[in-house]
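Only this structure's heavy atoms are used, side chains among them; waters, hydrogens and symmetry mates stay out. Here the structure is a predicted model, which means the values were calculated and not measured.
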Amino acid sequence: MSIRHGLLALLERGPRYGSQLRTEFESRTGSTWPLNVGQVYTTLSRLERDGMVARDGEDDAGHALYSITEDGRTELRSWFETPVDRSNPPRDELAIKLAMAVGAPGVDIRAVIQSQRSHTLKAMQDYTRLKAQALADVPADRDEVAWLLVVEQLIFQAEAEARWLDHCESRLVRLAAAAATEPATRPAARTATSTSRGTARAATSRPSAGR
């Protein structure tokens with residue numbers, strides 16, 4: 001998540017101070033990704049260092065205001081125009097967990113999947129309820145529209161995760177079924193081989209009828 005670019009987008013609407021930026025960021029995203037004031041001021045310091053924001057005096061209450069610079073506007077336009085890079089995806093804890101659970105001793109991976117599916121479906125129901133509340137009245141301002149987009153993305157993400165978990169469980173069932181047939185085949189082959197070897201040894205050691 002680009003806090004850096006999010007703050008630049010808010011500053012394009014006019015000078016802001018740190019706590020104000022945090023409040024507006026959380027309002028725009030429905031507090032899905034909460035910020036603390038320390039994160040905001042650390043990011044503002046870096047943006048100021050990079051020439052993308054500048055101090056712009058104080059408001060009546062003595063809060064230090066920040067404004068976006070032309071370099072900041074150029075950076076923001078580039079961010080909006082450039083697709084989000086999916087070639088280097090962020091680490092996904094669930095994917096890592098299932099990858100590590102495969103073959104791990106004492107881990108019932110199907111139980112792990114079922115537990116996660118229940119959690120994911122509940123989260124999806126909660127997001128759907130929030131969407132219904134948001135649509136109860138026509139979104140009145142840009143913050144409400146922005147929150148609606150965020151909550152719908154969360155719904156789609158949960159739906160995709162639930163489908164992927166179903167796929168994982170189906171694959172494990174198929175692999176388990178395939179593995180279950182192997183022990184039955186291999187011992188039979190070994191038994192047949194042992195029998196053939198025993199027969200051959202008996203034939204070579206049995207006295208001939210003429211002796």
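Considering CG of Leu8 and CD1 of Ile68, their distance stands at 4.5 Å, rounded to 0.5 Å. Expressed to the nearest 0.5 Å, how far CG of Leu172 lies from NE2 of His167 amounts to 9.0 Å. Note that CG of Leu76 is 9.5 Å distant from CG of Leu11, once rounded to the nearest 0.5 Å.
By the 4.5 Å heavy-atom criterion applied to side chains, Arg28 and Leu10 are counted as neighbours. No side-chain heavy atom of Arg73 sits less than 4.5 Å from a side-chain heavy atom of Met52. In this structure, the side chains of Gln39 and Ile3 come closer than 4.5 Å at one or more pairs of heavy atoms. Ile96 has its side chain within reach of Met100: a pair of non-hydrogen atoms, C-beta onward, lies under 4.5 Å apart. At a threshold of 4.5 Å between non-hydrogen side-chain atoms, the residues Leu21 and Leu44 count as touching.
Remark: side-chain polar atoms of Asn36 are paired, donor with acceptor, to backbone N or O of Gly38 under 3.5 angstrom. Under the 3.5 Å distance criterion, the side-chain polar atoms of Arg77 are left unmatched by any main-chain donor or acceptor of Glu75. At least one donor-acceptor pair closer than 3.5 Å links the side chain of Ser170 to the backbone N or O of Asp166. Ser78 places no side-chain N or O within donor-acceptor distance of the main-chain N or O of Thr74, the cut-off being under 3.5 Å. Under a 3.5 Å cut-off, the side chain of Gln116 and the backbone N or O of Leu165 do not form any donor-acceptor pair. A donor-acceptor pair under 3.5 Å is formed between the side chain of Ser45 and the backbone N or O of Tyr41.
Counting only residues at least two apart or in different chains, side chain to side chain donor-acceptor pair (under 3.5 Å) contacts with residues 86-101 comprise Asp85-Ser87.
Judged as a ring-ring contact (aromatic ring centres under 6.0 Å, His included), and not counting sequence neighbours, the contacts of Tyr17 are His63. Legend: residues meeting salt bridge (Lys or Arg N to Asp or Glu O under 4.0 Å) with Asp56, ordered by chain and number and at least two apart, are absent. For the ring-ring contact (aromatic ring centres under 6.0 Å, His included) test, no residue two or more places apart in sequence or in another chain qualifies with His119. Residues forming a ring-ring contact (aromatic ring centres under 6.0 Å, His included) with Trp79 (at least two apart in sequence, or on another chain): His5.
A salt bridge links Arg4 and Asp50; the closest N-O separation between the charged side-chain nitrogens and carboxylate oxygens is under 4.0 Å. Checked for salt-bridge contact, Asp126 and Arg129 meet the test: a charged N lies under 4.0 Å from a carboxylate O.
Surrounding CZ of Arg174 are more than 12 heavy atoms belonging to other residues, nucleotides or ligands, all under 6.0 Å away.
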N/O donor to acceptor pairs below 3.5 angstrom from side-chain atoms of residues 145-162, sequence neighbours left out:
residue	atom	partner	partner atom	Å
Glu152	OE2	Lys131	NZ	3.4
Glu161	OE2	Thr120	OG1	2.6

Note to self: The test is side-chain contact (heavy atoms from CB on, under 4.5 Å); show your working for Arg16 and Tyr66 and say whether it passes.
What the structure shows: CA-CA 6 Å; Arg16 301 283 194 278; Tyr66 292 82; over 6 Å; no
